[in-house]
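Each ligand, and each atom within it, is numbered from 1 in the order the structure gives.
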Amino acid sequence: MTPFAPAVYADRRRRAAAQAAAAGLAGVLVTPGPDLRYFLGYTPAADTERLTLLAIPASDDGGSDAVAVVPKLEAHDLEVGAVGGIEAVTWSDGEDEHEVAGRLLRPDGRYAISDAAWALHVLGLQRALPASSYAAVTNALPMLRAAKSPEEVARLAAAGAGADAVFAEIVTRRFAGRAEREVSDDLDALLRSHGHEQVDFTLVCAGENGADPHHEAGDRVIREGDMVVMDFGGLADGYGSDTTRTVHVGAPTAREQEVHDVVRAAQQAGVDAVRPGATCQDVDRASRTVIADAGFGEFFVHRTGHGIGLTTHEPPYMVEGESTPIEAGMCFSVEPGIYLPGEFGVRIEDIVVAFPAGVPGLADTPDAGVRLNTSPHEVVVVE
Ligand code: ZN
Ligand code: ZN
Ligand code: ZN
C-alpha cells in the first residue's frame with residue numbers, strides 16, 4: 001500500500017500512548033499485521049516465529065518513545081520500509097528475544113497487545129516478565145483504529161467505488177446455467193481489475209443457499225427464479241471494501257419482492273440512525289426494528305454491522321450491547337438480512353462513514369452518515 005507521510009504514523013503512536021495512559025495501561029505492544037501497518041507503515045516480508053514488536057509506552061504528555069524489536073536479519077527491511085523516527089533494537093538467532101523485549105518494558109506493566117500476536121510471544125513475554133500482564137487490543141483499546149482520518153476515508157471510498165464498479169459489471173453477465181463458483185470467480189477477477197490487491201471473500205449464494213449468511217460458493221447451478229446474494233470485498237491500496245447486493249434471475253415473486261423491500265427499508269433505517277449522539281447499538285436497533293415489525297425478526301440472525309479499515313472486519317461492531325458513541329470518521333457496514341431456511345435470503349450491505357469532514361470528494365456532513373457504496377438498492381433483475 002502507498003505509505004502515508006511519516007508524521008501520520010508518529011501522530012497515531014502519540015494518540016495510542018495517550019489512550020493507553022487514560023486506560024491505565026503501561027503501553028501498547030504491536031505485532032505484524034494491520035496494527036503494525038497502522039503505527040509504523042511496516043509489513044515484514046513474512047510473519048514468522050521470529051519476534052517483531054513495536055512497543056508504544058503509555059504517555060499522557062504526548063511524548064512517544066516507541067521502540068521496535070526486530071530480528072537482526074530483517075532490520076534492513078525495516079530501514080527500507082520504516083517511516084523514520086523509531087529506535088530499533090535487534091536480536092539474533094540464539095538470543096532469547098523475549099528477554100530482549102522484556103528489558104524495554106515495565107516489569108509489572110499491563111499491556112494491550114495486538115489481537116493476532118502469536119501465543120508463542122505473549123507467553124514468552126510473560127515468562128520473561130512474570131509480573132507483567134496482557135490484554136488483546138480489541139478488549140483493552142477497541143477504538144484504537146476505529147475513527148478514520150480523511151486520508152483513510154478517501155481510500156475506503158476508493159475501495160468502495162471499485163466494489164460498486166464490480167457490481168455494475170457482474171449484473172451484465174449471465175447467471176442462469178452457471179455454477180455459483182463461476183460467478184464467484186468472476187467477482188474475484190473483477191475486484192482485482194478494479195484496484196484490489198487482496199480479495200477476502202466473494203460469496204455467491206443462490207436460492208436456498210441464500211438462507212445461510214456465510215454460504216461458500218459451490219457447485220449449485222443458478223436457475224431462473226433464484227434470488228442470489230452476492231457479498232464481496234477485499235483490500236485496495238491497503239483499505240477494505242465490503243458490499244452485498246441480492247439480485248434475482250428473472251422477475252421476482254411478490255413474496256421475494258416483499259422480503260427484499262423489508263431489508264431495503266431496514267438498511268435505510270440503519271443508515272439513518274447514524275446521527276450525532278447515537279451509539280453503535282442504535283444502528284442495530286434501527287435495522288432490527290424494521291425487520292421485526294414486518295414479522296421477520298427471528299430470521300435476522302446476525303449483528304447489523306462491523307467496522308472496516310486496514311481489515312475488512314474490525315471494531316466498532318453495530319450490535320446490541322455496544323454502547324460506544326459513533327464518532328466522526330468511524331467507517332462500518334450496515335448490512336441487515338432476512339434468511340428463510342429452505343427458501344432464500346436477502347442481504348443489503350453498504351459501508352458508511354459517520355460525519356465526514358475534509359474528505360476529498362465527499363461533502364462535509366456533520367450530522368449524518370454517508371454511504372461509500374452507491375450500487376442500486378432495488379432488486380436488480382439478471383438473466
Ligand atoms: Zn425467485
Ligand atoms: Zn459483506
Ligand atoms: Zn460486512
Side-chain angles (χ1 to χ4, degrees), residues 156 159-160 162-164 166-167 170 175-176 184 187-188 191 196 198-217 220-236 239-261 263 266-267 270-271 280 283-284 287 300-319 330-340 342-353 369 371-373 375 377-383:
L156 286 159
D164 288 350
V166 170
F167 181 76
I170 197 76
F175 280 67
S184 174
L187 288 171
D188 187 296
L191 280 166
H196 288 66
Q198 178 180 316
V199 174
D200 285 2
F201 41 84
T202 53
L203 306 184
V204 177
C205 321
E208 69 288 346
N209 288 339
D212 171 4
H214 277 170
H215 168 74
E216 288 284 338
R220 163 75 154 77
V221 174
I222 301 168
R223 300 183 291 264
E224 176 81 19
D226 279 341
M227 277 287 206
V228 183
V229 181
M230 291 186 288
D231 185 346
F232 49 94
L235 300 182
Y239 280 79
S241 72
D242 183 5
T243 188
T244 308
R245 288 294 185 271
T246 304
V247 301
H248 193 269
V249 187
T253 64
R255 176 170 166 80
E256 287 166 339
Q257 183 68 56
E258 181 206 349
V259 171
H260 195 281
D261 287 347
V263 174
Q267 207 267 348
V271 175
C280 293
V283 175
D284 184 77
S287 285
F300 178 16
V301 294
H302 55 73
R303 66 188 177 210
T304 294
H306 55 81
I308 188 166
L310 289 167
T311 72
T312 45
H313 276 210
E314 61 187 39
Y317 296 104
M318 305 296 122
V319 65
M330 282 184 174
C331 293
F332 47 85
S333 68
V334 178
E335 51 175 308
I338 294 176
Y339 307 93
L340 303 173
E343 293 188 75
F344 63 93
V346 175
R347 180 166 66 258
I348 301 174
E349 172 179 25
D350 292 318
I351 300 304
V352 172
V353 54
R371 286 184 169 93
L372 300 184
N373 296 105
S375 298
H377 290 92
E378 60 268 24
V379 192
V380 171
V381 171
V382 296
E383 294 191 331

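With 2.8 Å as the limit, E256 counts as an N, O or S neighbour of the Zn ion (ligand 1). At a cut-off of 2.8 Å, G225 coordinates the Zn ion (ligand 1) through an N, O or S atom.
With hydrogens and angles left out, the side-chain atoms of H260 and T246 include no donor and acceptor closer than 3.5 Å. For the 3.5 Å distance criterion, the side chains of T312 and D200 qualify, holding a donor opposite an acceptor.
If you look at D242 and ask which of its N, O or S atoms sits nearest the Zn ion (ligand 2), the answer is OD1. Restricting D231 to its N, O or S atoms, the one at the least distance from the Zn ion (ligand 2) is OD1. Closest to the Zn ion (ligand 3) among the N, O or S atoms of E335 is OE2. Counting just the N/O/S atoms of H306, the one with the shortest distance to the Zn ion (ligand 3) is named NE2. The N, O or S atom of H248 with the smallest distance to the Zn ion (ligand 1) is NE2. Distances from the Zn ion (ligand 2) to each N, O or S atom of E349 single out OE1 as the nearest.
Within a 6.0 Å radius of CD in E216, no more than 12 heavy atoms belonging to other residues, nucleotides or ligands are found. The neighbour count for Q198 CD, taken as heavy atoms of other residues, nucleotides or ligands under 6.0 Å away, is above 12.
E349 contributes no side-chain N or O that, together with a main-chain N or O of D231, makes up a donor-acceptor pair within less than 3.5 Å.
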Under the side-chain hydrogen bond (donor to acceptor under 3.5 Å, both in side chains) rule, what do E335 and H306 come out as? Steps first, then yes or no, please. CA-CA 9 Å; E335 51 175 308; H306 55 81; 2.9 Å; yes

